[in-house]
*Asks:* 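A single structure is presented below for examination.
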Amino acid sequence: MRDMVLKAVAQPPKIFWGPVLPVILNMGLQFPMMFMAMGIWNVNPLMFIISILIGHGIVVVAGAKDPHLSAMIQAFGQTNKVSTNIYSEKGNKFEP
């Protein structure tokens with residue numbers, strides 16, 4: 001096998017030492033809230049910068065515990081769909 005394939009599987013992509021998807025979600029939620037609070041209530045952005053760093057630290061710790069956190073979030077989004085079951089049983093059955 002190629003070395004690049006093994007490296008991509010063993011070491012998922014990271015942004016500032018955190019898994020990609022949770023880091024993007026953290027920044028994607030907190031930056032708009034920061035700009036809205038600055039515009040509406042004239043809030044000091046330093047509070048939001050501190051909360052962004054704390055949130056990023058939590059994501060880095062969670063990513064160190066499980067480096068494939070982004071893949072797990074994507075897989076959950078694809079499998080968390082309600083299916084119509086042919087047979088009358090409880091739960092989601094992945095049958096056509």
Side-chain angles (χ1 to χ4, degrees):
M1 289 184 91
R2 285 187 169 171
D3 210 22
M4 293 179 357
V5 173
L6 293 174
K7 193 176 213 180
V9 172
Q11 299 171 349
K14 296 182 182 266
I15 297 177
F16 297 119
W17 305 284
V20 174
L21 191 59
V23 168
I24 290 174
L25 289 173
N26 179 35
M27 290 184 186
L29 289 174
Q30 289 200 21
F31 274 128
M33 289 177 13
M34 177 180 70
F35 290 127
M36 286 190 292
M38 284 171 47
I40 295 172
W41 297 296
N42 201 15
V43 176
N44 187 359
L46 187 60
M47 292 188 312
F48 286 99
I49 299 296
I50 292 170
S51 72
I52 289 170
L53 291 176
I54 290 170
H56 186 73
I58 291 169
V59 168
V60 168
V61 168
K65 184 177 179 184
D66 188 9
H68 296 281
L69 194 58
S70 295
M72 289 173 52
I73 292 172
Q74 289 173 348
F76 176 76
Q78 292 172 0
T79 59
N80 193 26
K81 296 178 183 170
V82 178
S83 64
T84 55
N85 297 336
I86 296 174
Y87 310 109
S88 59
E89 295 180 16
K90 291 183 179 179
N92 287 337
K93 308 294 184 218
F94 295 104
E95 300 171 353

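Both backbone and side-chain heavy atoms feed into the values below; hydrogens, waters and symmetry mates do not. Starting from 1, each residue takes its place in the sequence as its number.
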*Asks:* Name all pairs fulfilling the side-chain hydrogen bond (donor to acceptor under 3.5 Å, both in side chains) condition that reach into residues 52-62, sequence neighbours left out, sorted by first residue then second.
*Replies:* none
*Asks:* Name all residues meeting the side chain to side chain contact (heavy atoms under 4.5 Å, CB included) criterion together with I49; count only those two or more places apart in sequence or in a different chain, and write none if there are none.
*Replies:* M34, L53
*Asks:* If you group Ile, Leu, Val, Met, Phe, Trp and Tyr by side-chain heavy-atom gaps below 4.5 Å, do V61 and W17 land in one group?
*Replies:* no
*Asks:* Show me, pair by pair, the donor-acceptor contacts under 3.5 angstrom made by side chains of residues 20-31, not counting sequence neighbours?
*Replies:*
residue	atom	partner	partner atom	Å
N26	OD1	Q30	NE2	3.0
Q30	OE1	S51	OG	3.0
Q30	OE1	I52	N	3.1

*Asks:* Specify the closest pair of heavy atoms between F48 and V43, including all atoms of both residues, with the distance to one decimal.
*Replies:* CE1-CG1, 4.0 Å
*Asks:* Please answer: with hydrophobic residues joined when any side-chain heavy atoms are less than 4.5 Å apart, are I54 and L46 in the same cluster?
*Replies:* yes
*Asks:* Ignoring hydrogens, what is the shortest heavy-atom contact between P19 and S70? Give both atom names and the distance.
*Replies:* CB-OG, 3.6 Å
